[in-house]
Amino acid sequence: MTATGLDVEVLDTGCCGLAGNLGFERGHYDVSVACAEDKLMPTIRKRKPETLVLADGFSCRTQIEHLDPQARPQHAAQILAEAIRDN
């Protein structure tokens, strides 16, 4: 993403926990949230407010938005389109 002028850090923080509709199914919600809270969500919450959150998976964006509405995760295409518009 350096061609866009963005400074990118790829996180090795594990799964968002939602796994399609698994996290929405009865009996799976707590497991879903526990997966996300293991590494991913603490890392997202520690970011600077101006740091973008890129999550290409629909389930991942849904889980991140649910657990931290201020994170506002975006698909890579959205971030790239915005970078093109700004240049």
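Reckoned from all heavy atoms, side chains included, excluding hydrogens, waters and symmetry mates. None of these values were measured; they are calculated from a predicted model.
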Review point. Is the CZ atom of Arg47 crowded by more than 12 outside heavy atoms at less than 6.0 Å?
Key: yes
Point to revise | Check: Phe24 and Leu18 side chains under 4.5 Å, non-hydrogen atoms | key: yes
Review point. Could Arg45 and Glu37 be called an ion pair, given the rule that one side-chain N must be under 4.0 Å from one carboxylate O?
Key: yes
Point to revise | Non-hydrogen side-chain atoms of Leu52 and Gln74 separated by less than 4.5 Å | key: yes
Exercise for review: Kindly work out whether a path of hydrophobic side-chain contacts (I/L/V/M/F/W/Y, heavy atoms less than 4.5 Å apart) joins Tyr29 to Met41.
Suggested key: yes
Review point. Rounded to the nearest 0.5 Å, how far apart are CD1 of Ile84 and CD1 of Ile79?
Key: 12.5 Å
Check your understanding: Can you name the one residue among Thr51, Leu67, Val53 that meets side-chain contact (heavy atoms from CB on, under 4.5 Å) with Ile44?
Key -> Val53
Exercise for review: Measure across Ala55 and Cys60 and return the closest heavy-atom pair with its distance rounded to 0.1 Å.
Suggested key: CB-CB, 4.1 Å
Check your understanding: Do we see a donor-acceptor contact under 3.5 Å between the side chains of Gln78 and His75?
Key -> no
Review point. Is there a donor-acceptor pair closer than 3.5 Å between any side-chain N or O of Thr43 and the backbone N or O of Lys39?
Key: yes
Check your understanding: Which pair of non-hydrogen atoms, one from Ser32 and one from Gln63, has the smallest distance, and what is that distance?
Key -> OG-NE2, 2.8 Å
Check your understanding: Going from CD on Gln70 to CZ on Arg72, what distance comes out if it is rounded to the nearest 0.5 angstrom?
Key -> 10.0 Å
Exercise for review: For the residue pair Leu40 and Ile64, establish whether any side-chain heavy-atom pair is separated by less than 4.5 Å.
Suggested key: yes
